[in-house]
Amino acid sequence: MESPPENDVCSVCHDDFSLPCQSNCSHWFCGHCILRVWHHSSALRPCKCPICRRSITLLIPSGSTTQRHGDPEGSQVLENIEKYNRLFGGGSHSLFQRLQDLPFLIRRLLRELIDPQRSLPLVIRARVVFAMVLSAVYVLSPIDILPEAVLGVVGFVDDLLVLLVVFLHLAAIYRSVLVYRHGGS
């Protein structure tokens, strides 16, 4: 989603969203509310989502939020979100964290690839399409590391592992685009 669901409120302040931001766990918060949660916890680590308790390693302001340049308080919140993303968005993450972020990042990436109004760089688009085509060729080809004809269902394991690695790679590429875009680098 590009903006929070209608008739929803911030789970921190229980009020209408002010400068809404989406976290990597797909939950929406007011920009200043989630930054307040971060400041009340350890400022040296990413904060935990108040809803699902997952580590928030990326905050993405809604499209309407990034277009507000006249409001000084809003500009300060956006600067703090950029700081947060620079600190926690591009660092190394555990495999478990990457697997948890995978649906969120792949869903956003596919929406961005399909939408002609999006500004995904051509190099990134080419890398994504190339990785998807190569993985599709491998999965659909009869030549496998573990052949399905001989091993049956177990033969699909290599196909699933190849797809998992490709999706993790695509998510890492897209995460770097989002960190660059919303991290002010």
Side-chain angles (χ1 to χ4, degrees), residues 1-91 93-94 96-121 124-125 128 167-168 170-185:
M1 285 188 207
E2 195 61 34
S3 61
E6 291 194 27
N7 300 326
D8 198 5
V9 295
C10 174
S11 62
V12 177
C13 67
H14 302 288
D15 202 357
D16 290 334
F17 289 100
S18 168
L19 298 169
C21 293
Q22 188 177 28
S23 66
N24 56 299
C25 59
S26 299
H27 294 121
W28 286 92
F29 305 99
C30 297
H32 63 277
C33 289
I34 197 64
L35 290 171
R36 203 169 351 129
V37 169
W38 173 50
H39 286 295
H40 285 305
S41 62
S42 172
L44 300 175
R45 291 182 291 163
C47 67
K48 302 258 187 220
C49 175
I51 298 172
C52 67
R53 305 303 300 155
R54 279 185 44 202
S55 184
I56 296 176
T57 57
L58 188 62
L59 290 171
I60 303 169
S62 74
S64 61
T65 302
T66 56
Q67 295 169 354
R68 294 173 138 182
H69 297 293
D71 181 18
E73 183 180 325
S75 296
Q76 183 63 41
V77 169
L78 289 175
E79 285 177 26
N80 288 335
I81 288 171
E82 288 176 0
K83 177 183 173 188
Y84 186 92
N85 286 339
R86 277 194 307 274
L87 288 171
F88 307 116
H93 305 286
S94 68
F96 185 67
Q97 178 72 37
R98 291 176 192 215
L99 289 173
Q100 284 182 323
D101 291 350
L102 190 62
F104 169 76
L105 292 170
I106 294 297
R107 194 171 42 243
R108 282 189 69 102
L109 173 64
L110 291 176
R111 270 199 315 265
E112 196 152 341
L113 283 172
I114 292 170
D115 189 356
Q117 302 297 323
R118 300 293 183 122
S119 61
L120 195 62
I124 302 298
R125 283 182 186 263
V128 167
F167 284 140
L168 286 172
L170 293 177
I173 290 171
Y174 189 59
R175 175 183 276 282
S176 66
V177 168
L178 289 174
V179 168
Y180 177 76
R181 197 182 283 165
H182 300 292
S185 300

Q: May I ask you to test the Ser62-Trp28 pair for a side-chain heavy-atom distance under 4.5 Å?
A: yes
Q | Leu170 vs Val128 side-chain heavy atoms within contact, under 4.5 Å | A | yes
Q) Can you check whether Leu78 reaches Pro61 side chain to side chain, under 4.5 Å on heavy atoms? A) yes
**Q.** Side chains of Gln97 and Gln100 in contact at under 4.5 Å (non-hydrogen atoms)
**A.** yes
Q: Could you please spell out the steps behind the side chain to side chain contact (heavy atoms under 4.5 Å, CB included) verdict for Ile81 and Cys21?
A: CA-CA 9 Å; Ile81 288 171; Cys21 293; 3.0 Å; yes
Q.
Nearest 0.5 angstrom please: Tyr174 OH to Phe167 CZ, how far?
A. 15.5 Å
Q.
Between Tyr84 and Leu58, is there a side-chain heavy-atom distance shorter than 4.5 Å?
A. no
(Q) For Val179, is there any backbone N or O sitting under 3.5 Å from a side-chain donor or acceptor partner on Asn85? (A) no
Q) Can you tell if the side chain of His32 reaches within under 4.5 Å of the side chain of Asn80, non-hydrogen atoms only? A) no
Q) Rounded to the nearest 0.5 Å, what separation is found between the CD1 atom of Ile106 and the CG atom of Leu113? A) 9.5 Å
Q | Considering all heavy atoms, the nearest Phe17-Asp8 contact | A | CE1-O, 3.6 Å
**Q.** Interatomic spacing from NZ in Lys83 to CZ in Phe88 - rounded to 0.5 Å
**A.** 9.0 Å
Q: Please test Gln22 against Arg108 for side chain to side chain contact (heavy atoms under 4.5 Å, CB included), starting from the C-alpha separation and ending with a verdict.
A: CA-CA 11 Å; Gln22 188 177 28; Arg108 282 189 69 102; 3.0 Å; yes
Q | Rounded distance [0.5 Å steps], CZ in Arg36 versus SG in Cys13 | A | 7.0 Å
Q: Mind running side chain to side chain contact (heavy atoms under 4.5 Å, CB included) on Ser41 and Lys48 for me, showing each step along the way?
A: CA-CA 9 Å; Ser41 62; Lys48 302 258 187 220; over 6 Å; no
**Q.** Which atom of Leu19 lies closest to which atom of Gly74, heavy atoms considered
**A.** CD1-CA, 3.5 Å
Q: To the nearest 0.5 Å, tell me how far Leu109 CG sits from Ile124 CD1.
A: 9.5 Å
Q.
What I want to check is whether the side chains of Ser55 and Arg45 have a donor and an acceptor closer together than 3.5 Å.
A. no
Q) Does Leu87 reach the side chain of Trp38, with side-chain heavy atoms less than 4.5 Å apart? A) yes
Q: Dump the intermediate steps for side chain to side chain donor-acceptor pair (under 3.5 Å) on Ser26 and Arg107, then the final yes or no.
A: CA-CA 10 Å; Ser26 299; Arg107 194 171 42 243; 3.2 Å; yes
Q.
On a heavy-atom basis, which atom in Phe29 and which in Cys49 lie closest, and how many Å separate them?
A. CZ-SG, 3.6 Å
**Q.** Atom of Glu112, atom of Arg125 and distance for their closest heavy-atom approach
**A.** O-NH2, 3.5 Å
Q | For the student: nearest non-hydrogen atoms of Ala171 and Leu105, plus distance | A | O-CD1, 3.7 Å
Q.
If you count every heavy atom of other residues, nucleotides or ligands that lies below 6.0 Å from Gln76 atom CD, does the total exceed 12?
A. yes
(Q) Evaluate Cys47 against Ile34 for side chain to side chain contact (heavy atoms under 4.5 Å, CB included), listing each step before the verdict. (A) CA-CA 8 Å; Cys47 67; Ile34 197 64; 4.1 Å; yes
Q.
Once rounded to the nearest 0.5 Å, what's the spacing between atom SG of Cys10 and atom CG of Asp15?
A. 8.5 Å
Q.
Less than 3.5 Å apart, any donor N or O on the side chain of Thr57 or Arg175 sitting next to an acceptor on the other?
A. yes
Q. Where is the tightest heavy-atom contact between Leu168 and Leu102, given as atom of each residue plus distance?
A. N-CD1, 3.9 Å
